[in-house]
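Remarks on the structure that follows.
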Number of protein chains: 2
Amino acid sequence: MQKRPIHIAIIEDDDEIRQTLALIIKGTNGFFCSATFPDSESALAQIKDLVVDVMLVDIELPGITGIEAVSKIKQLKPDVDCLMLSIRQDDEAVFNSIRAGAAGYLLKDTPPAQILRAIEEVHQGGAPMSMQIARRVLQSFYPTQKSPLSERETEILQLLSDGLNYRSIAEKIFLSPHTIKSHIKNIYSKLHVHSRAEAVKKAIKDKLI
Amino acid sequence: MQKRPIHIAIIEDDDEIRQTLALIIKGTNGFFCSATFPDSESALAQIKDLVVDVMLVDIELPGITGIEAVSKIKQLKPDVDCLMLSIRQDDEAVFNSIRAGAAGYLLKDTPPAQILRAIEEVHQGGAPMSMQIARRVLQSFYPTQKSPLSERETEILQLLSDGLNYRSIAEKIFLSPHTIKSHIKNIYSKLHVHSRAEAVKKAIKDKLI
DNA sequence: TTCAGAATACCCCATCTGGGTGATTGCCTT
DNA sequence: AAGGCAATCACCCAGATGGGGTATTCTGAA
């Protein structure tokens with residue numbers, strides 16, 4: 001029995017690249033090209049009536065960017081897997097794409113055979129990424145630099161972020177509220193902030209807690 | 001000219017798996033097995049004197065876990081790339097490994113050829129992950145559920161997280177401080193929190209801002 | 001059309017916060 | 001031996017915060 005081919009659509013403004021991709025897809029067994037679009041607008045207009053499993057999306061498009069397109073596509077058809085295809089590898093492009101709902105991210109220098117492999121992988125529930133992209137993504141989890149805070153301070157910052165006030169923190173770790181306040185003042189000065197909200201934000205962003 | 005092989009060390013408590021991995025590595029051109037260890041302790045004791053590019057690390061080990069081992073290895077030898085090899089695919093294992101500094105994560109059912117490919121990739125600055133793992137990692141960037149906050153509220157929460165007080169926020173968006181306060185009260189009740197710190201924490205964790 | 005929610009604005013008030021200043025003890029490094 | 005930092009505790013005070021209300025307008029869904 002013949003397996004249903006993976007239905008693919010392409011959004012890519014460069015005519016040559018778009019057509020080449022389409023040709024490769026059409027010429028390969030198990031892959032089917034449902035549609036191609038030169039911009040996000042036309043793709044979004046038709047997406048509802050389209051049978052499609054995987055979308056290849058360029059980021060740099062005239063008008064609506066590929067990233068915004070992905071965001072809208074995921075709203076309209078949450079089951080479509082969007083695979084970004086871009087020359088950009090800056091954090092801005094990569095992480096905004098992922099946040100928008102991209103299920104994979106390939107650089108444009110990826111050879112055709114690997115693009116096809118990535119399409120299969122994304123369709124099987126994977127998240128293919130070019131090697132540089134994957135590394136960047138993992139690196140985003142590492143603490144940026146080592147904490148300037150002492151252990152005690154980190155502990156108190158943790159409790160602070162739970163919304164406890166001086167007194168509650170003091171009770172929790174058996175210290176005087178004055179001491180807590182002292183620590184918090186030190187935390188502020190080390191993190192260069194002036195309020196709990198800022199401190200919590202910085203702590204999370206810098207992965208201190 | 002002969003290229004220097006990739007030097008690999010293994011930490012794995014299962015004798016059979018460890019020896020099989022070592023054999024595969026030894027038997028493949030371009031790969032060299034520097035050492036194998038049945039536990040983290042022995043690996044950490046010797047790591048300083050070891051020439052090694054990539055470490056294969058199991059997570060579930062007697063004594064010090066693979067995750068803690070990675071954290072210590074990265075402290076001692078930051079240039080070593082650690083590739084986790086585990087049966088576990090729960091968030092706990094995956095994200096703690098990544099935070100500890102792992103540069104890749106393979107499930108144990110990965111066939112040998114792919115393990116070798118992953119070793120090469122990690123050594124070239126990539127971050128090979130089993131398909132399920134990569135997807136999980138990307139999913140960690142998506143907003144968990146859609147925001148319960150209105151646009152205005154989100155805007156104000158954003159400013160709140162920058163450490164602005166009622167008055168400053170009011171000035172920034174040309175509203176009365178009373179209004180800001182009203183909005184913030186609504187934000188608190190929607191997020192089920194009672195302070196700025198908690199609100200900011202929840203907002204970031206739930207990717208509302 | 002009616003009702004809910006969003007956005008706007010105001011009042012009261014007890015409590016909490018952040019900034020300033022100062023002190024003691026102990027540990028570590030120099 | 002000295003200076004520095006972490007950790008502890010203390011006091012003062014102006015201003016901010018959070019919780020309790022109330023009210024109007026507008027929009028969109030039921």
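Letters go in sequence order (proteins before strands), and every chain restarts at 1.
- Ranked by how close their nearest DNA chain C nucleotide is to the 5' end, N165(A) and N186(B) are led by N186(B).
- Spacing between atom CD1 of I184(B) and atom P of dA7(C) amounts to 14 Å, rounded to whole angstrom units.
- Contact annotation: the side chain of K172(A) approaches that of L164(A) to within less than 4.5 Å [non-hydrogen atoms, C-beta and beyond].
- Which of dT17(D), dG18(C), dA6(D) sits closest to the side chain of S195(A) comes down to dG18(C).
- One atom, CD of E155(B), and another, C1' of dA6(C), lie 14 Å apart when rounded to the nearest Å.
- When heavy atoms are screened at a 4.0 angstrom cut-off, Y166(B) is found touching base atoms of the nucleic acid.
- The phosphate of dG18(C) (OP1 or OP2) has a side-chain N or O of R196(A) nearer than 4.0 angstrom.
- Per the geometry, CD belonging to E198(B) stands 15 Å off P belonging to dC16(C), to the nearest Å.
- Between E153(A) atom CD and dT8(D) atom C1' the separation is 12 Å, expressed in whole Å.
- Among H183(A), K190(A), Q158(A), the single residue meeting the side-chain hydrogen bond (donor to acceptor under 3.5 Å, both in side chains) criterion with E153(A) is K190(A).
- Between the CZ atom of R167(A) and the P atom of dG18(C) there is a distance of 15 Å, given to the nearest Å.
- If you check every strand for non-hydrogen atoms under 4.0 Å, H183(A) touches a base.
- Looking at N186(B) and S189(B), their side chains never bring a donor and an acceptor atom within 3.5 Å of each other.
- Taking atom CD1 of I156(A) as the reference point, atom P of dT17(C) lies 13 Å away to the nearest angstrom.
- At least one side-chain nitrogen or oxygen of S176(A) sits closer than 4.0 Å to the OP1 or OP2 atom of dA10(D).
- Atom CD1 of I169(A) and atom C1' of dT8(D) are 16 Å apart (whole Å).
- For Y188(B) and dG20(D), the OH to C1' distance is 15 Å, given to the nearest whole Å.
- A salt bridge links E155(B) with R152(B): the closest approach of a Lys/Arg side-chain nitrogen to an acidic carboxylate oxygen falls below 4.0 angstrom.
- Checked against dA9(C), dA6(D), dT8(D), the side chain of L175(B) finds its nearest nucleotide in dA9(C).
- Side-chain N/O atoms of K185(B) and base N/O atoms of dT17(D) include no donor-acceptor pair closer than 3.5 Å.
- Side-chain to base pairing of S182(B) with dA9(C): one donor and one acceptor N or O lie within less than 3.5 Å of each other.
- Donor-acceptor pairing under 3.5 Å, judged by distance alone, is present between the side chain of K181(B) and the base of dG19(D).
- At the heavy-atom level, T179(A) lies under 4.0 Å from base atoms of the strands shown.
- With contacts defined as side-chain heavy-atom distances shorter than 4.5 Å, the pair V137(A)/F141(B) qualifies.
- Two residues, E151(A) and H178(A), neighbour DNA chain D, and the one matched to the more 5' nucleotide by heavy-atom proximity is E151(A).
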